[in-house]
J.: 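Have a look at this one.
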Number of protein chains: 2
Amino acid sequence: MATASRESVRKTLHEFLAEKGFRKTSQRDAIIEAAFGTHEHYTAEELLVMSRAIDKSVSRATVYRTLPILVESGLLRELDLGGETKIYDPNFLEHPTHNHLVCVDCKKIIEFEDPNMELLENCISRRLGFSPANKMVTIEAHCDEFKASGTCTRRPCDKD
Amino acid sequence: MATASRESVRKTLHEFLAEKGFRKTSQRDAIIEAAFGTHEHYTAEELLVMSRAIDKSVSRATVYRTLPILVESGLLRELDLGGETKIYDPNFLEHPTHNHLVCVDCKKIIEFEDPNMELLENCISRRLGFSPANKMVTIEAHCDEFKASGTCTRRPCDKD
DNA sequence: ATTTCTGCAAACGATTTGCACAGGG
DNA sequence: CCCTGTGCAAATCGTTTGCAGAAAT
């Protein structure tokens with residue numbers, strides 16, 4: 001399934017690039033491969049490292065120039081969870097309406113989907129006279145493990 | 001009412017600063033006055049201008065150093081709406097659980113409160129094994145006016 | 001007197017951009 | 001060939017910080 005969706009991502013992206021008149025380059029291929037070869041979230045810098053593992057010639061500038069294109073294609077989503085750096089989420093193809101819960105203690109990000117949330121956001125938007133285009137919910141929370149022991153298993157390592 | 005709440009803000013803040021061992025300075029007073037003398041949202045830079053209108057001696061560094069203190073006090077909230085700069089919201093005293101809808105076209109920010117949203121967020125958090133600490137909902141949307149005429153009354157001026 | 005605050009200007013870190021060359025159509 | 005894409009390094013922009021003097025306790 002992960003493979004199947006990666007196929008479709010590649011195809012959709014290829015069409016998108018062609019349609020927009022963008023050229024197909026080895027660097028962009030590597031970045032796309034890296035960007036959708038995982039279900040993890042990543043920063044621009046992390047994507048650079050991942051892309052370079054595939055094609056050493058990928059530069060930081062190209063990653064930064066390619067990211068907005070991927071976001072525009074709708075296959076990659078830019079997240080603004082409290083941190084200082086933007087985070088990118090490749091999982092919106094499979095779960096188009098998911099949201100995020102961030103553990104305040106270990107910074108772990110948990111994705112969740114909820115149809116009621118979806119419904120409620122639409123209702124609220126319409127009530128205010130708007131048509132929703134992009135809905136973002138982020139919940140910062142303490143996990144039960146933290147409440148019990150005072151720390152999370154997953155200690156603050158990657159972030160903070 | 002705005003006056004009454006500003007009084008209480010000043011009092012709460014004064015207590016908070018004293019409790020934390022922070023000193024009372026004319027610059028902080030000016031910043032606090034500026035920060036809670038409006039119901040509008042503002043950036044750090046805008047707060048600097050507002051503070052300087054009250055006390056010319058306020059420096060950018062002091063604003064940036066005071067902002068985290070006000071946020072920590074719980075009276076001021078830092079928002080991360082899509083833009084590149086952080087936005088500060090002084091309205092959480094009066095509406096502790098409000099959320100934001102941002103017009104994609106004119107960037108206008110509309111605040112809304114909804115008890116169902118509140119409830120739903122708590123349910124979802126608990127279901128995942130977490131105790132929510134901070135819940136943020138942001139909806140980006142097109143207004144009806146835009147749908148009808150192709151633009152908003154409030155054109156892109158302050159942002160974008 | 002002691003310690004926190006302040007303004008200034010330099011430092012920072014993520015992101016962007018100008019340039020001349022490489023490479024896709 | 002023409003024009004877009006690229007790497008590099010310099011530039012940008014919001015924010016942070018080191019320092020010496022100013023002000024609060």
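Within every chain, numbering begins at 1; the chains are lettered A, B, ... in the order of the sequence lines, protein sequences first and strands thereafter.
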J.: Between C:dT6 atom C1' and B:Arg52 atom CZ, what is the distance in whole Å?
T.: 12 Å
J.: Mind calculating the distance between CG (B:Leu47) and C1' (D:dG14) to the nearest angstrom?
T.: 15 Å
J.: OP1, OP2 of D:dT4 versus side-chain N and O of A:Arg28: anything below 4.0 Å?
T.: no
J.: Could A:Asp114 and B:Arg127 be called an ion pair, given the rule that one side-chain N must be under 4.0 Å from one carboxylate O?
T.: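 Judged by the 4.0 Å cut-off on N to carboxylate O distance, A:Asp114 and B:Arg127 do form a salt bridge.
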J.: Using whole Å, what does the distance between atom P of nucleotide D:dG14 and atom CG of B:Leu67 come to?
T.: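 One finds 15 Å between P of D:dG14 and CG of B:Leu67, rounded.
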J.: Mind calculating the distance between CG (A:Asp80) and C1' (C:dA14) to the nearest angstrom?
T.: 13 Å
J.: Quick one: are A:Phe22 and A:Arg28 in side-chain contact, heavy atoms under 4.5 Å?
T.: yes
J.: Counting primed atoms plus P, OP1 and OP2 as sugar-phosphate and everything else as base, spell out the protein contacts along nucleotides 15-25 of chain C at 4.0 Å heavy-atom distance: B, S or - for each nucleotide, 5' to 3'.
T.: BBBB----BBS
J.: May I have the distance from A:Asp29 (atom CG) to D:dT6 (atom C1'), rounded to whole angstrom?
T.: 14 Å
J.: Quick one: ring pair (Phe, Tyr, Trp, His ring centres under 6.0 Å) partners of B:His100, sequence neighbours excluded?
T.: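 Expected list: B:His41, B:His98.
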J.: Starting at atom CG of B:Leu17, determine the distance to atom C1' of D:dT25, rounded to an integer number of angstrom.
T.: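 Those two atoms, CG and C1', are 15 Å apart.
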J.: Would you kindly say whether B:Glu111 and B:Asn99 are connected by a side-chain donor-acceptor distance under 3.5 Å?
T.: no
J.: From CD1 of B:Ile87 over to P of D:dT15, roughly how many Å is that when rounded to an integer?
T.: 10 Å
J.: Less than 4.0 Å between a side-chain N and a carboxylate O, is that true for A:Glu118 and A:Lys135?
T.: yes
J.: Which donor-acceptor pairs under 3.5 Å do side chains of residues 60-72 of chain A form with protein atoms, sequence neighbours excluded?
T.:
residue : atom : partner : partner atom : Å
A:Arg60 : NE   : A:Glu45 : OE1          : 3.2
A:Arg60 : NE   : A:Glu45 : OE2          : 3.4
A:Arg60 : NH2  : A:Glu45 : OE2          : 2.6
A:Thr62 : OG1  : A:Ser59 : OG           : 3.2
A:Thr66 : OG1  : A:Thr62 : O            : 2.7
A:Glu72 : OE2  : A:Lys20 : NZ           : 3.0

J.: Starting from P on D:dT15, measure out to CD on B:Glu46 and report it in whole angstrom.
T.: 11 Å
